[in-house]
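All remarks here apply to the structure that follows.
Side chains included, hydrogens not; waters and symmetry mates left out as well; all remaining heavy atoms used. From a predicted model like this one, the values you see are computed outputs, not experimental measurements. Both ligands and their constituent atoms are indexed starting at 1 by order of listing.
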Amino acid sequence: MTEGENSSTIEALFDEDRHFSPSEEFRAQANVASPTIYDQGRDTESYWRTQANRVTWKTPFTEVLDWSGAPYAKWYTGGKLNITESALDVHVQSTPNKVAYYFEGENGDTKTVTYLDLYKEVCRLANALSELGIQKGDRVAIYMGMIPEFPVALLACARLGAPHSVVFGGFSSDSLRDRINDASAKVLITCDESWRNGGRVALKELADVALSESPSIEHVVVVQRTGATVNMVEGRDHYYHDLLAKASDERNAEEMDAEDTLFILYTSGTTARPKGIVHTTGGYAVGVATTHAMVFDIKDGDIYWCTADVGWVTGHSYVVYGPLINGVTSVLYEGVPQFPDKDRFWEIIEKYKVTQLYTAPTSIRTFMKWGTEYPMKHDLTSLRVIGTVGEPINPEAWMWYHEYIGNKRCPIVDTWWQTETGHIMISPLPGVTTTKPGSATVPLPGISVEVVDDDGNPVPNGSGGYLVITHPWPGMARTIFNDPERFKDVYWSKFSKPEENKWIYFAGDGAKKDLEGYIWLLGRVDDVMNVSGHRISTLEVESALVDHQSVAEAAVVGRYDPTTGQAIAAFVTLKGDVQGDDALIVELRDHVATKIGKIARPASIVFTDELPKTRSGKIMRRLLRDISEQRQLGDVTTLANADVVHEIAARAQASQNTVSTE
Ligand code: PRX
């Protein structure tokens, strides 16, 4: 964390005092309706022992938690399982024709995938991957659009015990290459192209660029989505449908130890290099199944829809594994909310009679901007629970969601968690917890969080501090791929006291506890930005900018944005006598898109002769944030070059180059 940067966040206190208790009608039908669940959760290990029954074990575990190697946890030790048996085989036994996914293509094409269909397709792909040489422990990279083959790809890897490493389809070739290389993936599964916002994303073409520098990849499996002609390298590249046509639709599930790796998922941190977060099998399965069932009040006949892309952790946990283990029917939508018109989400809800909607605050704020006429055109009365994830939701957006989408009837579950936590950690239970607009409320049963001060002491109610997790939980990240030291350093060093065997996980978020002990998330306190619910590292964007031939130095901050939560503001000094003009701004934004992906393009770029620095040469991002948000400038006395700040402020004000990140 950068010194002094957190203070304004932490001091931001809310006066929100509206309360919404679950209605009698909701409570009467809720899976969890009694607050005694929180008491049960206090005996963490006994609670998680009971919840483990949600998963099918090949061999029962002998111990719930082994924390002797802290901070490297082991859950359900001795247990053997394959997560796909819980997600597929059990449902194929009991309800083979139940729909697993209603797929809705962006162009309106649809496909209904039953649990039996899904099982067969997963077995076929698992067999095909096995033919290509994939064995337990081998890494498989996945870079796809939101089509049914995307969950199939994850599950086929899991069937074989081959950790998948999914790279979001919006990332660039360079990002894909770096992730493939870090994980030494042997196979890449991708698509010819994907549909997005009426256009095409040339996934295979982007992958080809990455593959030219990814020597570990031996084979590429290509799903035909648009049917575009793509380059296929003889012997290396294979069409998915060709491989599957030859493959058997039965495949034994590899026996996995509870602690064998299920997947790696890269996420941005406070350095320029993304971290490969490692999740294992048993604890993750129990964690996602439990939280999904409880938070969304999942029932047999439900039609559940999580709008997240499978490329992010929300998609892994709440589009693929959680819903499938719970045997629910999900909607899988390929495209964007504004295609072909701004009512697409509401049309889908009406069409499939969706009962749970799980989406991001940034989308809700966009819907607010578009106006109520879009949701009002459709019958949304099928909805029972509505959720949010990814960033703090402002009370105004919460109220809008409550009124226009939830029809003042549906409990809102504001769920706080992270790639590293694997599953939801803080959220209301819709049949139990009284909600307050803008608060994620309280930790789920079996989860222990605290808000602490700089010294790691819990703050009293009514105060702010750092959000920490004080006891291990089943879905917790086990390590950073190939870098256990970094794992310990990043997450466990700030507040832990190893000499007392006290291990505290620091989440990177600021939070406040209100007078009733409710938790209000206040955003990141480190150099991580949150743009539309996506984590982007300031350093990653800075190094992408500096990689451009004209750039000498760059500083990047997240500034408040009413729709995307934060927007990326860049301050750039140029080399020699290069002139900063509009054309260069466009070029730099394109450059960042090429290095990282379009989501990381700065919304504004200000050219400056110098960046504000301390005497030791450290860039003062806090001041740049003040400038970007047009606040009174903070303390400049520690600056080596105080004058420059006022000059930058004047330039930032004058620059009209704020552009959309879409
Ligand atoms: O800052 C928090 C924010 O998103 C971060 C985690 O990002 P990521 O690993 O990409 O996972 C996003 C989806 C789980 C957190 O450190 N965040 C997530 N959910 C919330 C949130 N901030 C406030 N309220 C939330 N409900």
Sub-6.0 Å ring centroid separation between H292 and Y304: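 Between Y304 and H292, which both carry aromatic rings, the centre distance is below 6.0 Å.
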Enumerate, one pair per line, all nitrogen or oxygen atoms of ligand 1 lying under 3.5 Å from a protein nitrogen or oxygen, stating the separation to 0.1 Å; write 'none' if no such pair exists.
| unit_1 | atom_1 | unit_2 | atom_2 | d |
| --- | --- | --- | --- | --- |
| ligand 1 | 1 (O) | D509 | OD1 | 3.0 |
| ligand 1 | 1 (O) | D509 | OD2 | 2.8 |
| ligand 1 | 4 (O) | G390 | O | 3.2 |
| ligand 1 | 9 (O) | T419 | N | 2.7 |
| ligand 1 | 9 (O) | T419 | OG1 | 2.6 |
| ligand 1 | 9 (O) | R535 | NH1 | 2.8 |
| ligand 1 | 16 (O) | Q418 | NE2 | 2.9 |
| ligand 1 | 16 (O) | D509 | OD1 | 2.8 |
| ligand 1 | 16 (O) | D509 | OD2 | 3.3 |
| ligand 1 | 16 (O) | R524 | NH1 | 2.7 |
| ligand 1 | 17 (N) | G390 | O | 3.3 |
| ligand 1 | 19 (N) | G390 | N | 3.1 |
| ligand 1 | 22 (N) | P392 | N | 3.4 |
| ligand 1 | 24 (N) | E391 | O | 3.3 |
| ligand 1 | 26 (N) | D414 | OD1 | 2.7 |
| ligand 1 | 26 (N) | T415 | O | 2.7 |

Given E420, E540, E391, the one that forms salt bridge (charged side-chain N to carboxylate O under 4.0 Å, His left out) with R535: E420
Qualifying salt bridge (Lys or Arg N to Asp or Glu O under 4.0 Å) pairs, either residue in residues 423-445, two or more places apart: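 The answer is K436-D514, K436-E516.
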Side-chain H-bond candidate by donor/acceptor type, S175 with D178, under 3.5 Å: no
Contacts of N31 that satisfy side chain to side chain contact (heavy atoms under 4.5 Å, CB included) - sequence neighbours left out: D297, K299
Within residues 396-405 or reaching into it, pairs that qualify as side-chain hydrogen bond (donor to acceptor under 3.5 Å, both in side chains) - sequence neighbours excluded: none
